Amino acid sequence: MNKRSCGVLMHITSLPSRYGIGTLGEEAEKFAGWLKSAGQSYWQVLPIGPTGYGDSPYQPFSSFAGNPLLIDLDELCEQGLLSQSDCESADFGADPLIVDYEKVTKTRSELLHKAFDNFTDDVGFTGFMLEQKEWLDDYALFMALKNEFGGKPWTMWDDDIKFRRKDAVAKYSEKLSREIRYNKFCQYIFFRQWTRFHDFCSKNGIKIIGDIPIYVSPDSSDVWANTQLFELDERLNPKRVAGVPPDYFSKTGQLWGNPLYDWAAMKMNDYAWWVARVKKSAELFDMLRIDHFRAFDTYYAIPFGEKTAEHGNWEKGPGMNLFNVIANAVPNADIIAEDLGDIFDSVKQLLSDSGFPGMRVLQFGFNPENADNDHLPHNYPKNCVCYTGTHDNATFMQWYREADLKTRSMCRKYLGKIFSIPLYEYAIRAAYASPADLTIIPMQDILGLGKEGRMNVPSTLGGNWNWRMKKKALKKKHTKMLHSFSETYLRL
């Protein structure tokens, strides 16, 4: 990131499609083409792993696998693995503006199993299984076992396979061989389509920014296959879990429940798991955003079994030791650090030592005290990425409508709001005009959406991650606005 540029934040699931959820198909390529016409250089997406309980992309079943829900069904029809009637008669949910995950997951599974039944092994599939063996074997067995045990988390499986005893692994590998192969087939199709999609974006001058959640889901193949790398007790339950302490926004803090890394154990094998994770991500994306960067410096540890995040302790993370190892092993990794929240001076020093650009969020700049702060554009350093909001924020217009009068007054004065031009356009202009090398605007703010466009409300379950863009939502005025701002503020 060495010149002024700009892009858009929208997850692939939010694209329009006939099949209940955005995919890697025609609409994804159309959107990449639109980004080019609007003077954009980047498309930021959320994590693309297979989602589980709560549908959160930040709690995937694997840090290495792709989400089968994103597979383009039309391409499978073209290859003769499915028929159009198979897809058109399936129930993906009635509302084109939200993802009905329950229906989409069930229907997709049925269709992908049918495609697998019609699939004849080819040399590409054989090569893929060999090349990705390091993570693929564990993931495919893990997913087959989840199906075998009725979807229960792996900590509730029978002890022999929960503890991965050799004879049990062999027994289930043989018993579930077809379902294991099906899971590998889905990954083969996903990554084949991802490569095609990524190549299309590259040819059109669009770079993809991926997202790496710092922690992994407790119910994942990552933990089940690597228990020695996490803080687990003799029964493989977490000793302590992740979260953040009480603050102005949450009186009891946020209890995420993710198992914590055993950083001492990871250091003993030169952080091999993290190196493999970043290496895989760097193959898929042109730039990587690492979520909750502060935890690499100091992380909050909450005893397992606590009902809130009130009784945790701050612990020291791996710091630059980890990033030096990653830099040597994956020198092409281009990283953005999500450094939001209550940040210690030591976290700021780690960010400086790493050289990674941090993040600024315009919404956070406005406050009832009219006080100056790091999130007002005149304070942005060049080496940062600025946003009007993120996937965890209200849309800019929802935020403004729900803000108190003093905050709204400060916002209007700072942005210079006059005439009848919508406020969100002033916000986008301010982000583009800022010193930040890279500006990323959520699609919902470009469309000027309110509460109906919110993607996620942190620490809530249900109703999140399901926003979808209308089929013909993008108009010439949106293209013209972004292209004009890109040109005016030298981001083109």
Side-chain angles (χ1 to χ4, degrees), residues 1-5 7 9 42 44-47 58 63 207-216 229 242 244 258 260-301 314-361 364 373-375 379-387 390 392 434-440:
M1 195 174 75
N2 54 15
K3 67 175 184 177
R4 287 173 67 79
S5 52
L9 166 61
Y42 289 91
Q44 182 173 330
V45 300
L46 303 185
Y58 292 88
S63 296
K207 295 182 178 180
I208 304 175
I209 303 175
D211 200 323
I212 299 181
I214 181 172
Y215 294 119
V216 300
L229 300 179
V244 290
N258 306 80
L260 296 173
Y261 299 110
D262 185 333
W263 285 116
M266 284 196 158
K267 185 177 181 180
M268 288 180 64
N269 69 344
D270 292 326
Y271 305 103
W273 184 88
W274 261 100
V275 168
R277 188 184 191 190
V278 174
K279 185 177 181 181
K280 177 68 173 176
S281 296
E283 293 171 357
L284 301 175
F285 306 106
D286 303 292
M287 187 178 286
L288 309 173
R289 172 192 177 273
I290 297 185
D291 191 47
H292 199 57
F293 177 82
R294 66 142 309 118
F296 292 106
D297 172 73
T298 40
Y299 60 92
Y300 195 62
W314 287 105
E315 303 287 353
K316 188 68 177 171
M320 277 305 298
N321 188 247
L322 169 64
F323 292 116
N324 287 332
V325 171
I326 289 174
N328 288 329
V330 198
N332 63 324
D334 200 356
I335 293 173
I336 298 168
E338 188 271 285
D339 58 337
L340 305 175
D342 186 16
I343 302 300
F344 300 162
D345 287 342
S346 58
V347 181
K348 295 179 181 179
Q349 186 60 53
L350 177 61
L351 182 66
S352 176
D353 291 344
S354 72
F356 301 152
M359 290 175 55
R360 298 292 185 272
V361 179
F364 296 162
N373 66 75
D374 290 345
H375 290 280
N379 290 323
Y380 294 174
K382 281 176 59 64
N383 188 36
C384 80
V385 185
C386 77
Y387 300 78
T390 74
D392 281 336
S434 76
D437 280 336
L438 177 56
T439 292
I440 300 289

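Values in this document were obtained by computation on a predicted structure and should not be read as measured data.
- Closest approach of Val330 to Ala282, counting heavy atoms only: CG1-CB, 4.0 Å.
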Checklist entry - Should Asp286 and Tyr42 be marked as a side chain to side chain contact (heavy atoms under 4.5 Å, CB included) after you check the CA-CA gap, both sets of side-chain angles, and the distance that decides it? => result CA-CA 9 Å; Asp286 303 292; Tyr42 289 91; 5.7 Å; no

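- A distance of 5.0 Å separates CD in Gln44 from CD1 in Ile209, rounded to the nearest 0.5 Å.
- How far OG1 of Thr439 is from CZ of Arg360: 12.5 Å, rounded to the nearest 0.5 Å.
- For the atom pair CZ of Phe296 and CG of Leu322, the computed distance is 6.0 Å after rounding to the nearest 0.5 Å.
- Pairing each heavy atom of His375 with each of Met359, the nearest pair is CE1-O, 4.1 Å.
- Taking both residues in full, the closest heavy atoms of Ile214 and Asp291 are given as CB-O, 3.2 Å, listed atom of the first, atom of the second, then distance.
- Here Ile335 contributes atom CD1 and Met287 contributes atom CE; the two are 10.5 Å apart, rounded to the nearest 0.5 Å.
- Closest approach of Glu315 and Ala301 over heavy atoms only: CG-CB, 4.1 Å.
- Using bins of under 30°, 30° to 60° and over 60° for the plane-to-plane angle, the ring pair Phe356/Phe293 lands in the perpendicular bin.
- In terms of heavy atoms, Asp297 sits closest to Val347 at OD2-CG2, 3.4 Å.
- Note that the CD1 atom of Ile212 and the CG atom of Leu288 stand 4.5 Å from one another [nearest 0.5 Å].
- Taking the six-membered ring wherever Trp is involved, the centroid distance between the rings of Tyr300 and Trp314 falls below 6.0 Å.
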Under 3.5 Å donor-acceptor pairs involving side-chain atoms of residues 262-275, not counting sequence neighbours:
unit_1, atom_1, unit_2, atom_2, d
Asp262, OD1, Ala264, N, 3.3
Asp262, OD1, Ala265, N, 3.1
Tyr271, OH, Asn321, OD1, 2.8

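- In this structure, CZ on Phe323 lies 5.0 Å from CD1 on Ile290, to the nearest 0.5 angstrom.
- Side-chain atoms of Asp345 and Gln349 include no donor-acceptor pair closer than 3.5 Å.
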Checklist entry - Should Asp374 and Phe364 be marked as a side chain to side chain contact (heavy atoms under 4.5 Å, CB included) after you check the CA-CA gap, both sets of side-chain angles, and the distance that decides it? => result CA-CA 9 Å; Asp374 290 345; Phe364 296 162; over 6 Å; no

Next on the checklist: Could you walk me through whether Tyr261 and Val216 satisfy the side chain to side chain contact (heavy atoms under 4.5 Å, CB included) test, starting with their C-alpha distance in whole Å, then the side-chain angles of each, then the deciding distance to 0.1 Å, before giving a yes or no?
Outcome noted: CA-CA 9 Å; Tyr261 299 110; Val216 300; 3.8 Å; yes

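- Considering only heavy atoms from C-beta on, Asp334 stays 4.5 Å or farther from Lys207 through its side chain.
- Side-chain contact annotation: Ser281 with Arg277, donor-acceptor N/O pair under 3.5 Å absent.
- Closest approach of Pro357 and Val385 over heavy atoms only: CB-CG2, 4.5 Å.
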